[in-house]
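Each remark here refers to the structure printed beneath this line.
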There are 2 protein chains.
Amino acid sequence: MEKPRLSESQEDYLKEIFKLREMNETVSMQDLARKLDVRPPSVTGMIKKLCAMNLVEHEPYKGVQLTETGEKIALEVLRHHRLLELYLARHLNYSWDEIHEEAERLEHVISEKFEAAIADLMDHPTHDPHGDPIPTADLEIPDSPSLAPLPSLKGTRSIVIGRVMTQDRDILSLLFRLELTPGQEIELIKNEAAGIRVRINGSQYLVPHSIARLIWCENTET
Amino acid sequence: MEKPRLSESQEDYLKEIFKLREMNETVSMQDLARKLDVRPPSVTGMIKKLCAMNLVEHEPYKGVQLTETGEKIALEVLRHHRLLELYLARHLNYSWDEIHEEAERLEHVISEKFEAAIADLMDHPTHDPHGDPIPTADLEIPDSPSLAPLPSLKGTRSIVIGRVMTQDRDILSLLFRLELTPGQEIELIKNEAAGIRVRINGSQYLVPHSIARLIWCENTET
DNA sequence: ATTGAATTTTAGGCATGACTAATATAACAC
DNA sequence: GTGTTATATTAGTCATGCCTAAAATTCAAT
Ligand SMILES: [Mn+2]
Ligand SMILES: [Mn+2]
Ligand SMILES: [Mn+2]
Ligand SMILES: [Mn+2]
């Protein structure tokens, strides 16, 4: 059993399969093409290779799945990514919307030593600035509070944002200005046709559904 | 005039040409092949491309030279590399012999934002842990004290190490154990056939010529 | 069951950046 | 000057990872 180091592309494929699997039941070739910003034939080719390496399994028209080994690698890359995001924010004064892009490149390039160094420095954090869980050093996903998308919450009450499900710079920068960030306590006023009305630190907003559905909150039963 | 981002390979070629030029009068295709650890035909091919991009000039059997533009890029990469080395040593607890390898990969991947962030954090340093000058943000080489290789120094006197001319991990780790690092004051005892006899912090060594010639010292005229 | 649409794969190409084997050219020693 | 050696180039391959155009397959709706 060799360990021939994967290419950046291959690492991104595995990582993306993992992330898509977290959301959807099944991961299609097209999903991958969309997320990775390549054409479908490229996905076919790469998946074929990853299959041959026993990193993924593929049932045509049914979906792609990671093998044990493939998942380990995906988690390794994800750990790099999320540790880096937090590090850039905390230690290098990156703003909320800048960290993803930089981490996307660095994740493939840092050594295990680098990973360990920043993890130590930050006291082995469990979540990144977007609320995404950071896999532990032995590649387990840390426990997270159970979360639900903002539009699914009923009643009028006070809740806490746990995670934002986007990496889009424009949306992130908007969320930041609206103080819609993980850890923030918000008051649920009313679920209206156009969006969710909330109060945050005194001021009231109507958060459009397109945005509200990206905001997942701690699901404290009333 | 486009700015199509160079590949890591191309950046390494430019950087290596610059570094070789600092030492030797002329830079041959073979020098490059050796340093970059590729075969000569690969160099021919790449140099041809870099010529077409107006980043280098090449007179066969005479040598390779950077153009203005090529040199700017080389300095940019070199700045990344040396800032990173210092950063890894200072902020992430890397040892002297580990920094080069990591910086070699990171240098191609960090953004200008990252560069500026670590430069700020370290108060715009002028030299890396090996004593190599760090090009400034506007890509000038900072003034360094005039240095000379240890074996070339005459007389018996006290001098200060300014720079070590190697990136070899084994040699670096040796130098570190012997306290032969930039900033270190050493006492020149005698230039012998086998090497240079010196006293450092009380103890005496015979530094073999193969190593001594890598140690450049501030040339304080007696 | 049939048909039309969506999904996926095949076929064929292209750019990069390496390689080996063979050839050409310059430099140098006599 | 000639011949030998070091240096450089050419020619031809290969692996990656992407692409477009076209064909195949499955799904879904009637
Ligand atoms: Mn990536
Ligand atoms: Mn994140
Ligand atoms: Mn490099
Ligand atoms: Mn250095």
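Throughout, protein chains are lettered first and strands after them, A, B, ... in sequence-line order, and every chain is numbered starting at 1. Computation of the quantities below employed the complete heavy-atom set of this structure, encompassing side-chain atoms and omitting hydrogens, waters and symmetry-equivalent molecules.
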Donor-acceptor pair, side chain of [X] and main chain of [Y], under 3.5 angstrom:
X      : Y      : answer
B:D128 : B:G131 : yes
B:R197 : B:L206 : no
A:N191 : A:P151 : yes

Nearest-0.5 Å distance that lies between atom CH2 in B:W216 and atom CD1 in B:I159: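 These two atoms lie 13.5 Å from each other.
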
Residue list, ring-ring contact (aromatic ring centres under 6.0 Å, His included) with [X], at least two apart or on another chain:
X      : value
A:H81  : A:H100
B:H108 : none
B:Y87  : B:H91

Excluding sequence neighbours, so at least two apart, what forms salt bridge (Lys or Arg N to Asp or Glu O under 4.0 Å) with [X]?
X      : value
A:E104 : A:K15
B:E8   : none
B:R21  : none
B:E101 : B:R169

Hey, does A:E59 reach any base, or is it just sugar-phosphate, or nothing, if we go heavy atoms under 4.0 Å?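 Touches nothing.
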
Touch class at under 4.0 angstrom, heavy-atom based, for B:E8 against every strand present: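 Result for B:E8 = nothing.
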
End-to-end axis angle, where each axis spans five pairs of the helix from C:dA1-D:dT30 to C:dC30-D:dG1, to 10°: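 The angle separating the two end axes equals 0°.
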
Scan residues 17-30 of chain A against DNA chain C and write down, sorted by residue number, each residue with any heavy atom closer than 4.0 Å; if none is found, say none.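 Contacting residues: A:S28, A:M29, A:Q30.
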
Both A:Q10 and B:D31 contact DNA chain D. Which one's nearest nucleotide lies toward the 5' end?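 Nearest-nucleotide comparison on DNA chain D picks B:D31.
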
Considering only heavy atoms of chain B and a distance under 4.0 Å, specify the first and last nucleotide of DNA chain D in 5' to 3' order that meet this criterion.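 Nucleotide range with atoms under 4.0 Å of chain B: D:dT7 to D:dT10.
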
Which residue pairs pass the ring pair (Phe, Tyr, Trp, His ring centres under 6.0 Å) test when at least one of the two sits in residues 4-58 of chain A, sequence neighbours left out?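 Output for this query is empty, none listed.
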
Output one letter per nucleotide in nucleotides 18-30 of chain C: B when a protein non-hydrogen atom lies under 4.0 Å from the base, S when only the sugar-phosphate is that close, - when neither is. SBBB--BBS----

For atom NZ of B:K48 and atom P of C:dT16, their distance in whole Å: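 So the NZ-P distance, B:K48 to C:dT16, works out to 14 Å.
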
Any salt bridge between B:K113 and A:E102, counting N to O under 4.0 Å?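 Answer for the salt bridge query: no.
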
